[in-house]
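To keep things clear, I will list the structure first and then write my remarks on it.
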Amino acid sequence: MSFTWWRYPTRRFNVDGINFSVVSRAKGDGLHSTLLMLGVEQASNRTPVFGSDAVRNHLLNATLPDGRTVEVEFGYIGIWTTGIVARLDGRTIYESHKGQVPAYPEKYREAATENGSLSASMKMAQGTTGAPMNGGVLAKENRLPFAVDMVTGLLFYLIAKMTDLQTAAMVGVVVGFGLVLFQRITKIDVTGGLALFGIAMLCISAALALWLNDDEWIKLRGTITGLIAASIFLIDGLRGGPYIGKGLARYMPYSDLNPGRFAIAMGSIGVIMAALNYAAAKLLTTDSWLFYTTFVDSFIVIALVFFALRFARGQNAKSADG
């Protein structure tokens with residue numbers, strides 16, 4: 001059973017009063033689509049994530065009560081959405097995107113067809129700049145710091161649920177300093193490449209936790225620290241990313257990241273996330289905000305990081321291509 005990580009908008013049309021819909025989702029084993037007539041499944045299809053079959057469109061057929069055939073061509077419209085073209089006995093009767101026929105994005109075809117796995121595709125995407133290749137989050141040297149980040153986030157969530165936000169904030173600070181001390185004594189890397197930056201942010205966080213001794217202000221602590229961190233990222237980025245940009249880049253599986261551009265992009269993301277946290281703190285209940293800040297905002301950051309990586313690789317990619 002493969003996990004569904006994204007559902008695309010359902011495409012609906014009708015033929016002589018009969019309702020059709022195409023449901024699609026991206027899963028761990030590829031892109032899935034299903035054609036339904038009056039809510040009953042008529043056909044389904046799947047293309048894998050990689051390989052020669054990954055770039056083809058899905059063809060989904062259904063037969064009307066009078067014997068005529070409805071054929072639906074389903075596929076990508078760009079990289080972020082999907083679309084359909086419906087035909088009745090070969091004649092086009094509906095287009096989800098007027099004048100556009102679904103097609104796998106040309107710029108990604110080579111990476112999809114020439115590699116049989118995610119790791120192979122990542123290596124191809126990394127390019128060849130002659131620089132040492134970073135291993136990414138799952139690299140051996142980064143697994144422990146990444147796991148520690150996840151565990152401390154869950155710890156904050158659980159303590160806040162069992163006690164209150166003030167207690168969770170103070171426990172988070174104590175655990176953070178404990179990790180830094182543990183790393184200094186054992187020389188085992190548990191904080192990643194941004195240890196000094198983390199210490200500075202812990203100090204700021206501790207001061208705010210003591211000063212803002214109120215649930216509503218504690219909820220805004222993420223906005224305040226987010227803006228402070230974003231400012232540091234942006235300043236580092238304008239200087240070429242010698243510290244923050246370079247330290248964060250070690251978690252990314254690319255060898256051609258421009259640390260200055262990456263720091264600027266991540267600083268911009270920090271500003272966006274700070275604004276979203278402010279909105280969540282003001283509009284949501286404490287429990288809903290806690291769920292958002294522990295789980296939901298991580299997925300938003302992941303989506304935005306894709307754009308940050310594209311921006312950070314843009315200059316080097318162009319120079320590499322000549």
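The structure displayed is predicted, hence computed values, not measured ones. Throughout, residue positions are numbered sequentially from 1 according to the sequence presented.
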(Q) Let's go through Ser33 and Asn45 carefully: what are the C-alpha distance in whole Å and the side-chain angles of both, what is the deciding distance for side chain to side chain donor-acceptor pair (under 3.5 Å) to 0.1 Å, and is it a yes or a no? (A) CA-CA 5 Å; Ser33 65; Asn45 209 327; 5.8 Å; no
side-chain contact (heavy atoms from CB on, under 4.5 Å) between Leu304 and Ile272: does it pass, once the steps are laid out? CA-CA 10 Å; Leu304 292 175; Ile272 294 172; 4.1 Å; yes
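In this structure, the side chains of Arg68 and Asp16 come closer than 4.5 Å at one or more pairs of heavy atoms. Residues Asn277 and Trp289 are in side-chain contact: their nearest non-hydrogen atoms beyond the backbone lie under 4.5 Å apart. Looking only at side-chain heavy atoms (C-beta outward), Val85 and Pro102 come within less than 4.5 Å of each other. Using a 4.5 Å cut-off on side-chain heavy atoms (C-beta onward), Leu88 and Leu64 make contact. Using a 4.5 Å heavy-atom cutoff, the side chains of Leu31 and Phe74 are in contact.
At a threshold of 4.5 Å between side-chain heavy atoms, the hydrophobic network of Ile, Leu, Val, Met, Phe, Trp and Tyr places Val101 and Val72 in two separate groups. The cluster map of Ile, Leu, Val, Met, Phe, Trp and Tyr, joined by side-chain heavy atoms under 4.5 Å apart, puts Ile300 and Phe233 in the same cluster. The hydrophobic clustering, which links ILVMFWY residues whose side-chain heavy atoms are closer than 4.5 Å, places Ile269 and Leu238 apart. Cluster annotation: Val301 is connected to Leu309 through the hydrophobic network of ILVMFWY side chains, with a link wherever side-chain heavy atoms come within less than 4.5 Å. Cluster annotation: Ile264 and Phe262 are assigned to distinct hydrophobic clusters (Ile/Leu/Val/Met/Phe/Trp/Tyr, side-chain heavy-atom contacts under 4.5 Å, transitive).
Within a 6.0 Å sphere centred on CZ of Phe13, heavy atoms belonging to other residues, nucleotides or ligands number more than 12. Environment of CZ in Arg46: crowded, with over 12 heavy atoms of neighbouring residues, nucleotides or ligands closer than 6.0 Å. Open room surrounds CZ on Arg12; 12 or fewer heavy atoms of other groups in view lie less than 6.0 Å from it.
Distance CD1/Ile84 to CD/Glu95: 10.0 Å, rounded to 0.5 Å. How far OH of Tyr292 is from CZ of Phe299: 13.0 Å, rounded to the nearest 0.5 Å. With rounding to the nearest 0.5 Å, the separation of CE in Met273 from CE in Met266 is 10.0 Å. Taking CZ from Arg11 and OG1 from Thr81, the interatomic distance works out to 4.5 Å, rounded to the nearest 0.5 Å. Remark: Ser21 OG to Glu41 CD distance equals 10.5 Å, nearest 0.5 Å. Atom CD1 of residue Ile18 and atom CG of residue Asp66 lie 7.5 Å apart, to the nearest 0.5 angstrom.
Looking at every heavy atom in both residues, Gly17 comes nearest to Asn14 through N-OD1, 4.0 Å. The heavy-atom pair separating Gly245 from Ala263 by the smallest distance is CA-CB, 3.9 Å. Asp53 and Thr47 make their closest contact through O-CG2, 3.4 Å (heavy atoms, listed as atom of the first residue, atom of the second, distance). Minimum heavy-atom separation, Leu35 to Ala62: CD2-CB, 3.8 Å. Nearest heavy-atom pair, Ala43 versus Asn61, reported as atom, atom and distance to 0.1 Å: CB-O, 3.5 Å. The heavy-atom pair separating Gly83 from Ser96 by the smallest distance is CA-OG, 3.2 Å.
The main-chain N or O of Phe311 is found under 3.5 Å from a side-chain atom of Arg261 such that the two form a donor-acceptor pair. For the pair Arg87 (side chain) and Glu73 (backbone), a donor-acceptor distance under 3.5 Å is absent. At distances below 3.5 Å, at least one donor-acceptor pair connects side-chain atoms of Asp89 with backbone N or O atoms of Thr69. In this structure, the side chain of Thr223 engages the main chain of Tyr278 through a donor-acceptor pair within 3.5 Å.
A salt bridge is absent between Asp29 and Lys27: the closest approach of a Lys/Arg side-chain nitrogen to an acidic carboxylate oxygen does not fall below 4.0 angstrom.
Side chain to side chain, Ser44 and His32 fail the donor-acceptor criterion of an N or O pair below 3.5 Å.
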